[in-house]
Amino acid sequence: MQKTSGPCFGPPMSAAVELTDFSSSLHAQAGEHGVTARPVVQRTHSDFTVVEPLADSAAKPGSILGQDATAKVEKDIDAPELAPGEVAVSSSTSAIAQTVTLPHVPAPETVVPVPAVEPLSETVGLRRLRMGASFVALFLAGWNGGATGALIPSIERTFHISYARVALLFISTFGGYVVAAAGTGPLARKIGFGRALCASVLIELVGNVINSSQQKSFGLMCFGYFVVGIAFAGQLGLFNAYFAILRKPLLYTGVLHGIYGLGAFASPQVATVMVTRGVPFHFFYTTNVGMNIPVIAIVWFAFRNLQALPHRPGELATTPSETFGFRDTLKSRTVWTLAIFLMLYVGAEESVGGWIVSYVLEVRKGTPEGASWVASSFYLGIAIGRIALPIVNTFMGERRAIFVYLAIAIALEAIAWAVPVLASTAVATALVGLAISTFYTAAITMGGRLLPRAMHADAFSLMSSVGQSGSALFPLLVGVISSKKGIWVVEPTVLALLGAQGAFWFLVPKVQRRVD
């Protein structure tokens, strides 16, 4: 075989590789590892044929421009080894083969199909409307949940029940959370994200109507709390999923949950004024009904056409191979770690909010008005912190910030327990609310970064529902223990829950810090 440095002129050539149905072919080249097939392109002129190698980035062995190909490689026994960059040109009339070294010819640019980008399906005005609807809905949820602690003494007197039995209200709410955890994600996929959200607000109205209509049957009241639990957990999961896709999720989720705190701050004052003036406690829930009706209209107007969560501009839409079901969510270690962290956090928050009034009345010997102010100051601290502290968290990083706040909260809770003065208990309780205020939003933001977008509806519904179960389990535990040991067990229980939160926050996977 003769080697030349220029093109070879002669009769038409026969390729060293036989390939069917493709104009490109594979060229057999001998090397230290034996015979290898290289992609080549054959160009035929009037009196000669040139075989040129393709660029390595254009194809891989066994494929041509991304298409699978099957080639039969034949090697001449007398063929010498070829130097890098040389290709063989063999004559069809002679056994003599010549080799020509050609300059590098860049391969034609190939177009690799990529998933389509889903256009942003909402304008700036529509997004603001949806955020506003979320704010008023979460204010109502906070208004509903924050009043329970202030109403517990009246509920006990009306139904002649103990701490342990009144704690069944928390168990009923927990049952609603379980239903919401299993059903919210599938419902959103079946009827659409926005319609599922509207349905949850409508269910909330049903529960509020039940609670406002009577104070004769404690069992019926428990059922009303069960219905409200379904609605609240469903709303919370869907709102969290929506806010997690915003450009500044930590900031806006903080505002969302801060407004929930404002509702929880205001309602104990109104409830206390009503019951201290002799108004039956169930009439407080008529205020919920009055707010629930316009909230339904606002949420329906804002979310009715939202079928699925929109993508940010420039973000790739989910491909069919990246879809996730509820089973995938159940198998996620990240989801369960964050869910248990939220359960411990919500358990601590609701143990303080639900029992601090009784604690102040019996242990600190305060007045009903003073006790309700302690509960309100706790929720006010939560509301202020959720609005103001996310900026601090951004600079510190959510992971480090939570550990710092936990240390502060544990110290303050120890003061509230150890110092037998009403004023110190009130101030320390309010500052504890401020310190733990961003735990929920930090967990939601962390989940938004760690979990695939296609998993968000199921994941946030499960996390929110499991998290809210803490508002039933741990207040129930406090109620049962208090019936035997006394209401003083509130403070050490909260201390233990704060310590457990630190352990689970340590187990949350780390994510790269970014500025939102």
Side-chain angles (χ1 to χ4, degrees), residues 146-157 161-167 170 261 264-265 267-269 271-273 275-276 344-385 404-437 439 470-471 473-502:
T148 301
L151 294 175
I152 280 180
S154 298
I155 295 172
E156 291 172 346
R157 289 193 301 269
I161 55 180
S162 64
Y163 289 141
R165 191 174 178 192
V166 78
F170 300 113
F265 160 73
S267 61
Q269 300 301 315
T272 300
V273 169
V275 298
T276 54
L344 296 168
Y345 163 73
V346 175
E349 177 186 318
E350 294 302 320
S351 294
V352 174
W355 292 109
I356 195 64
V357 171
S358 300
Y359 179 85
V360 171
L361 289 174
E362 297 195 18
V363 178
R364 298 292 182 246
K365 307 303 179 184
T367 63
E369 292 80 6
S372 66
W373 269 108
V374 174
S376 293
S377 65
F378 172 72
Y379 284 113
L380 180 61
I382 289 177
I384 293 174
V404 172
Y405 296 148
L406 267 173
I408 296 173
I410 290 173
L412 290 169
E413 193 63 28
I415 292 173
W417 179 24
V419 180
V421 179
L422 176 59
S424 66
T425 300
V427 174
T429 300
L431 293 177
V432 167
L434 180 66
I436 68 174
S437 58
F439 289 11
S471 67
L473 296 178
F474 296 107
L476 171 66
L477 180 64
V478 171
V480 172
I481 299 176
S482 297
S483 298
K484 298 181 179 181
K485 302 295 183 180
I487 196 64
W488 64 269
V489 301
V490 171
E491 302 291 3
T493 301
V494 173
L495 274 173
L497 291 173
L498 291 174
Q501 289 170 53

Novice: What heavy-atom pair brings Ala416 and Ala428 nearest, and what distance separates the two atoms?
Specialist: CB-CB, 3.8 Å

Novice: How close do Val478 and Ser482 get, heavy atom to heavy atom, and via which atoms?
Specialist: O-OG, 2.6 Å

Novice: Kindly write out the residues that satisfy side chain to side chain donor-acceptor pair (under 3.5 Å) with Glu156, not counting sequence neighbours, or none if the list is empty.
Specialist: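 Side chain to side chain donor-acceptor pair (under 3.5 Å) check on Glu156 returns nothing, list empty.
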
Novice: For Phe378, give me all partners under ring-ring contact (aromatic ring centres under 6.0 Å, His included), at least two apart in sequence or on another chain.
Specialist: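 Applying ring-ring contact (aromatic ring centres under 6.0 Å, His included) to Phe378 gives none.
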
Novice: With a cut-off of 3.5 Å and sequence neighbours excluded, list every side-chain donor-acceptor pair involving residues 354-361.
Specialist:
from	atom 1	to	atom 2	distance (Å)
Trp355	NE1	Pro475	O	3.0
Tyr359	OH	Arg364	NH2	3.2

Novice: When you measure from the side chain of Ser377 to the backbone N and O of Val374, does any donor-acceptor pair fall under 3.5 Å?
Specialist: yes

Novice: To the nearest 0.5 Å, what is the distance between CG (Leu477) and CG (Leu473)?
Specialist: 9.0 Å

Novice: Can you list, pair by pair, the side-chain donor-acceptor contacts under 3.5 Å of residues 492-500, counting residues two or more places apart and other chains?
Specialist:
from	atom 1	to	atom 2	distance (Å)
Thr493	OG1	Val489	O	2.7

Novice: With sequence neighbours excluded, tell me which residues meet side chain to side chain contact (heavy atoms under 4.5 Å, CB included) with Ala147.
Specialist: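 Once residues adjacent in sequence are excluded, the partners of Ala147 under the side chain to side chain contact (heavy atoms under 4.5 Å, CB included) criterion are Leu151, Ser267, Ala271, Phe284.
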
Novice: What's the shortest heavy-atom distance between Lys485 and Trp488, and which atoms?
Specialist: O-NE1, 2.8 Å

Novice: For Glu349, which residues count as a salt bridge (charged side-chain N to carboxylate O under 4.0 Å, His left out) partner, sequence neighbours excluded?
Specialist: Arg386

Novice: The criterion is side chain to side chain donor-acceptor pair (under 3.5 Å); which residues satisfy it with Ser372, sequence neighbours excluded?
Specialist: none

Novice: In terms of ring plane angle, is the pair Tyr345 and Phe439 parallel, tilted or perpendicular, where the classes change at 30° and 60°?
Specialist: tilted

Novice: Which residues pass the side chain to side chain contact (heavy atoms under 4.5 Å, CB included) test with Ser424, sequence neighbours left out?
Specialist: Val419, Val421

Novice: Check step by step if side-chain contact (heavy atoms from CB on, under 4.5 Å) holds for Trp373 and Thr272.
Specialist: CA-CA 10 Å; Trp373 269 108; Thr272 300; over 6 Å; no

Novice: Checking Ile408 now: which residues fulfil side chain to side chain contact (heavy atoms under 4.5 Å, CB included) with it, not counting sequence neighbours?
Specialist: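 Once residues adjacent in sequence are excluded, the partners of Ile408 under the side chain to side chain contact (heavy atoms under 4.5 Å, CB included) criterion are Val404, Leu412, Ala435.
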
Novice: Listed by chain and number, what are the side chain to side chain donor-acceptor pair (under 3.5 Å) partners of Arg157, not counting sequence neighbours?
Specialist: Ser154

Novice: Could you tell me the separation between the CD1 atom of Ile481 and the CG atom of Leu476, rounded to the nearest 0.5 Å?
Specialist: 9.5 Å

Novice: Can you list everything that forms a side chain to side chain contact (heavy atoms under 4.5 Å, CB included) with Val273? Sequence neighbours excluded, please.
Specialist: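 Side chain to side chain contact (heavy atoms under 4.5 Å, CB included) check on Val273 returns Arg277.
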
